[in-house]
Structure formats: C-alpha cells, structure tokens
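First up is the structure itself, then whatever we jot down about it.
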Amino acid sequence: MPSFKNIVAAAAAIAAVNAVPTTPPTPLIPPQDVPVNQFTNDAANGAPFLNNLAQQAGKLWFGTAADIPGPEQQDLEYMTILNDTRIFGAITPANYMKWQYTEPQRNNFSYTGGDVVINIAEDHGKYVRCHNLCWDNQNPEWLTTLVANGVSNKTMISILQNHITNLIEHWGGRCYSWDVVNEALNGTGGWDAANPFYQVIGPAFFPIAFEAAEKAVKKTKADIKLYYNDYGIEAGGPRAAGAVNAIRSLKQAGIQVDGVGFESHFEVGGTPSTAALVQQMNAFIALDVDIVMTELDIRFVNASAANAGGYAQQATDYYSAVSACMQVDRCIAMTVWDFDDKYSYVFDVPSLNSSANMIVLVGSHLHSPARASLTCTLPTSPATPLTRLWPTRSTTSPAASLARVPSTLSLKWK
Ligand code: XIL
C-alpha cells in the first residue's frame, strides 16, 4: 500500500506538473508510489493486471522496455504504470546498456544509465533483462573508427572480451539475463556483414562473445542467463534456421547459452499464427534453451488501416502472439517494447514504415483492444478477447497536461 506521505508527495508532484513549470520539473525518479488505478482504473473496474496474470499462469513476468533515464521520468502517468509490479514484472533498458553508453571511450566504462533502470526495478521487485553486449548498432565512434582503420583480429577480440567481462561483472546477479549477441544474422540466415565484430573477427565472434560471457558469469557466481536475441526468427524462414544453427553450434561446443529472445516486432495483419510461433519455439527448445518474447509490439504499417477493423485485427494479433508463449512451458516470460506510443521507437525508424501504432496500456483508448486482448490471453482459459471493451480512463488524469519533454537524446538509431 502506498503510504500517506507518498500520496501527498505524489499529489504535490501532480500539482507541480500541472502548473506548467517554467523550468523542467524534478524528475520523478522512483521510489514514487502512486495508486496506479488513479490512471488506469484497473482496480475500480475489476480488470486484471498483466504481470499478475502472467505470473499466476506460471510465467516469470510480463514486462516492458523503458528508455530511461529520459523524459519519461517526468511523466507521472508513465512512471506510475512502469513502477507497478502488478502490471510489469520486468524491465529491459531500451538503450542505456548498449556500447555507446556503457563504453563511450575505450576501456572507460559508464554505468549511470543502466543503474537508473536497475534501481527502479529493484525498488519495485522486478526482473531486469540486461540488453545488450554485442550488436552492429549503437556502437561508440572510437570502435567504428578502429574498425574502419583496420584494427587487428587480436585487438578486436580483446576489446569484445573486455566489454563483455566488465558489464557482466559490474551488474552481476542484478541482471536476470544478458542478451550476449543481438541481431547478428542477415536476411538469408548467414552472419550480417554490417556487424563490426563479424567484419574483423569472422564467424568466431559469436562463440567468443558467449565464451567471454560464460567466464564472467562464473566469476560473479550468480545465476545469470545468457541469450541470443533477434527479430525475424520467430516463425520459420532462413533467419530462424540460421539462429537454430548458431545455437546448436554453441551447444555442441559446450558453451553456455540459456535462451533465445523472440523480439516479436510484428505488423498488424502480418503477425505469425500461434501454431507457427509454437513450432518455432519448440525447434529452439529442442536444443535445451528457454524462450522469452523480448520486444513484442504490433504496429500498423498503413495509417488507413487504423480503424475499428484494424484495431480488432491488432487485438487478434496480440492474442495470437501471447497465446503461443502461454502454450509453451519453456516460453518463460514476455516483454513489450514499451507501452506508450509517445515513447515507442517505431516512429523513429523510417524503415519500419510505421504510421499508427500499437499502444498497449496508456494513451488514446482507441487502441484499447490491444490491451483487452492481452488481458484475455493471459488467463489459462481465455474467453472473448475481441468483444471485451476496455473502460475509458478518467478525464481527471493529468496525462493531458503532461506534454512530452523535448528529448535531448535525439534519434539513437543509426
Ligand atoms: C531501439 C531503441 O528502442 C531505440 O530508442 C533506439 O533508437 C534504437 O534501438 N531491436 C533491439 C533494440 O534489440 O535494442 C532496439 O531498441 C529495437 C530493435
């Protein structure tokens, strides 16, 4: 229960935000305990909470990505929902554990951004999926310059090992898992030529990364799970086949790999069927790994489809996706890639061609079927996912007066 003191503090914070401050308001960094139904009406309407439902069904969590530190921390509604562990049982930092932030200069590590997320998670009893250690995107300039200047294989290996070792040892068991390698495949299931580690080290970068991670995990003596995370591997095709081969090669070499992240960035009307997802999960599980749906979102790629029929389709798609995880024991958890359109990355990436989005929790309730569908999917006996309407939020919510603070963090996608 939130204490009286916290409620008073929260009320003062709301008043302060509503007063349209001339200077930026103090970030609402948790612990910040506000009754969540002030925003969502969940309790008032007897509606179930996403993480409660997932955990009752035996999953580890229903979680979300969050791009903090950032303007979200001044959005009381956002932070209140993020903090509420009945709604989200895990957080994935959307950006601040990536190379450009964690090793901005060679061998000079910065943990500030990641610490913010981990602290919030720990204050509220949530898991953290730490993300990520080796990727072709969001790398620091010093690294890309070294590659452009022909860095040696030996140096690149030691740079990769050093990064992985430092991050894993720094956060230790505060991470439930690490995405050791992220999105390393090309469209035909081979290694992506844009990956700088592959460019210099060749295919060996993959086992080298996992080996370094395993060694660091052993040193921490914590039970940290190691994942390969990717998109387009969720339902057959060459990328899925490539990922299966990659996992098999690690297993055959006796190198630790505990799970595969199904990113699950899907499109309305183009989401794989439950059966296809289940089949692909089982193909990985046959290699003795867990599955997590790590970045679920289902976007509209055609604005004109964002109408009642489109939202019903979107709800069906969320239902299909989450049902797959519900049907497979070793699909242990699911995470959405943020829950408020204001903060979704899909609008920042032109190639995603996203014209109307996939809100899960807050924002315009035009999108509420997505959430209704999720809450109906999670119980073991789903009833009528598409007919259930989500109640509209109270008009007294401060959300309307909380304009998004202009981000100083600009576009992070390269
Ligand atoms: C995205 C972040 O959400 C954006 O803020 C950033 O600009 C680019 O990266 N797959 C991943 C995530 O594994 O790390 C990406 O996150 C989204 C796609």
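Read the numbers this way: they start at 1 and go in the same order the structure lists the ligands and their atoms.
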Point to revise | Electrostatic pair K59:D329 at N-O distance under 4.0 angstrom | key: no
Exercise for review: Determine, for R129 against D179, whether the closest basic-nitrogen to carboxylate-oxygen distance falls under 4.0 angstrom.
Suggested key: yes
Review point. Which part of W135 is near ligand 1, with near meaning a heavy atom under 4.0 Å away: side chain, backbone, both or neither?
Key: side chain
Check your understanding: Which one holds for N182 and ligand 1: side chain close, backbone close, both close, or neither close, with close meaning a heavy atom under 4.0 Å?
Key -> side chain
**Study point:** Where ligand 1 meets E183 - atom numbers and elements under 4.0 angstrom, heavy-atom basis
**Key:** 10 (N), 11 (C), 13 (O), 18 (C)
Review point. Contact between W337 and ligand 1, counting heavy atoms under 4.0 Å?
Key: yes
Revision key, fill the gap. Nearest heavy atom to atom 5 (O) of ligand 1, choosing from D297, D338, T92, N95, belongs to N95
Study note, to complete from the structure: Of H131, K98, E295, the residue with the heavy atom nearest atom 1 (C) of ligand 1 is K98
Study note, to complete from the structure: Y228 meets the ring-ring contact (aromatic ring centres under 6.0 Å, His included) criterion, sequence neighbours left out, with F206
Exercise for review: Mind jotting down which residue pairs meet the side chain to side chain donor-acceptor pair (under 3.5 Å) criterion with at least one end in residues 205-219? Sequence neighbours excluded, please.
Suggested key: E169-K219, E214-K218
Check your understanding: If we only count heavy atoms from C-beta on, is the R174 to N119 side-chain gap below 4.5 Å?
Key -> yes
Check your understanding: Is V244 close to Q280 at the side-chain level, that is, under 4.5 Å between some pair of heavy atoms?
Key -> yes
**Study point:** Contact check: Q138 vs ligand 1, nitrogen or oxygen atoms, below 3.5 angstrom
**Key:** yes
